[in-house]
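Structure, as structure tokens:
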Number of protein chains: 2
Amino acid sequence: MSQGNTDVPGQLKTLADAQALIESGQCPIPPREILDRIAGKWAIQIIVVASRGPVRFTELERTVEGVSRRMLTLTLRNLERDGMLERTVYPTVPPKVEYQTTPMALELYEALLMVTNWSRKHSACVALARENYDRRLNEEASSGSSMTPTKIGVAM
Amino acid sequence: MSQGNTDVPGQLKTLADAQALIESGQCPIPPREILDRIAGKWAIQIIVVASRGPVRFTELERTVEGVSRRMLTLTLRNLERDGMLERTVYPTVPPKVEYQTTPMALELYEALLMVTNWSRKHSACVALARENYDRRLNEEASSGSSMTPTKIGVAM
DNA sequence: CGGCATCCTTCGGGATACTG
DNA sequence: CAGTATCCCGAAGGATGCCG
């Protein structure tokens, strides 16, 4: 349980690395427990806001648009429990509580930037693929089934 | 709608880039529609398996452990609709259907490898943070509330 | 083999009201 | 201000059965 452990057992840079992991029987994808955390409707947004410096509860409530009191609290608790947020309570009256991201959370945020880049790069392509798919569904509804191997996809 | 568009409007390499995006009023995180896709319980696993070459429906059913027929079909349809999978039907009897990932999906997979790396690097730290958090909860249950600013987090 | 249709359960998450 | 507690709903997902 040493602290300064910044080594990754084996960096995965390419798909080949992932394949190798599979061969060795290990998991090449983020564990569900992690994905479920960031998959929640609010976790990432909270991390983004809290990465800009200490932020108070009510500030978050206003900034993270659409979040309910309940979900804000729940998500904050989970993130805190996972060591992604640091919660500081000032025992004043009225109470003041500040949240800010840990370095670990910032690293996750940076990793997620790759996903952001992907979506920015391919969002148009996804939209086009959907149009094609939906249109084919309609056409297929009128005509009979085709006799040749069917490939549905969008040209890249 | 040109095809060979491999340019990203603005590559996000650092948190500073993301901050800049925020200033300009743009979204620094992957859109929900994308996150929701990969957040599903099975999408990523399917992409991983299908990235190794054409794979048949029943093969997926056996490989992706725990998936139900229903969810496998649903997830495959969604991925296909988004242009992440290419579905090939051989009109033989009995029918044969093969799925394989598109280049776009492979790029997403590679982006997710960063998240995988993150979780491999920090999983122990997260586990430790949870233990600390849970232990503090118990201690706090017995004693009164503390009078000094409380910081709950794990040393990094 | 590769689905789709149906039913049912679980859980994330919203609305609202109360509290130290 | 910063929460907790309760109720409720819709969507995700599991189980099962039928079908071309």
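A, B, ... follow the sequence lines: proteins, then strands. Residue 1 opens every chain.
- Distance check: B:Leu112 CG to A:Trp118 CH2 gives 9.0 Å after rounding to the nearest 0.5 Å.
- Between B:Arg130 and A:Glu33 there is a salt bridge, with a side-chain nitrogen of the basic residue lying less than 4.0 Å from a carboxylate oxygen of the acidic one.
- Within the 4.5 Å cutoff, the side chain of B:Val64 has heavy atoms near those of the B:Val49 side chain.
- Contacts between residues 62-79 of chain A and DNA chain D, defined by a heavy-atom separation under 4.0 Å, are made by A:Arg69, A:Arg70, A:Thr73, A:Arg77.
- Atom CD of B:Glu107 is separated from atom SG of A:Cys125 by 9.5 Å, given to the nearest 0.5 angstrom.
- For the pair A:Asn117 (side chain) and B:Leu12 (backbone), a donor-acceptor distance under 3.5 Å is present.
- When all heavy atoms are compared, the tightest approach of A:Pro54 to A:Glu98 is CB-OE1, 3.5 Å.
- The CE atom of B:Met104 lies 11.0 Å from the NZ atom of A:Lys121; values are rounded to the nearest 0.5 Å.
- For the OP1/OP2 pair of C:dC1 and a distance below 4.0 Å, the side-chain nitrogens and oxygens of B:Tyr99 include no atom meeting the criterion.
- Judged purely by atom type and a 3.5 angstrom limit, B:Asp17 uses its side chain to pair as donor or acceptor with the backbone of B:Thr14.
- Residues from residues 30-61 of chain B that place a heavy atom under 4.0 Å from any atom of DNA chain D, listed by number: B:Gly40, B:Lys41, B:Trp42.
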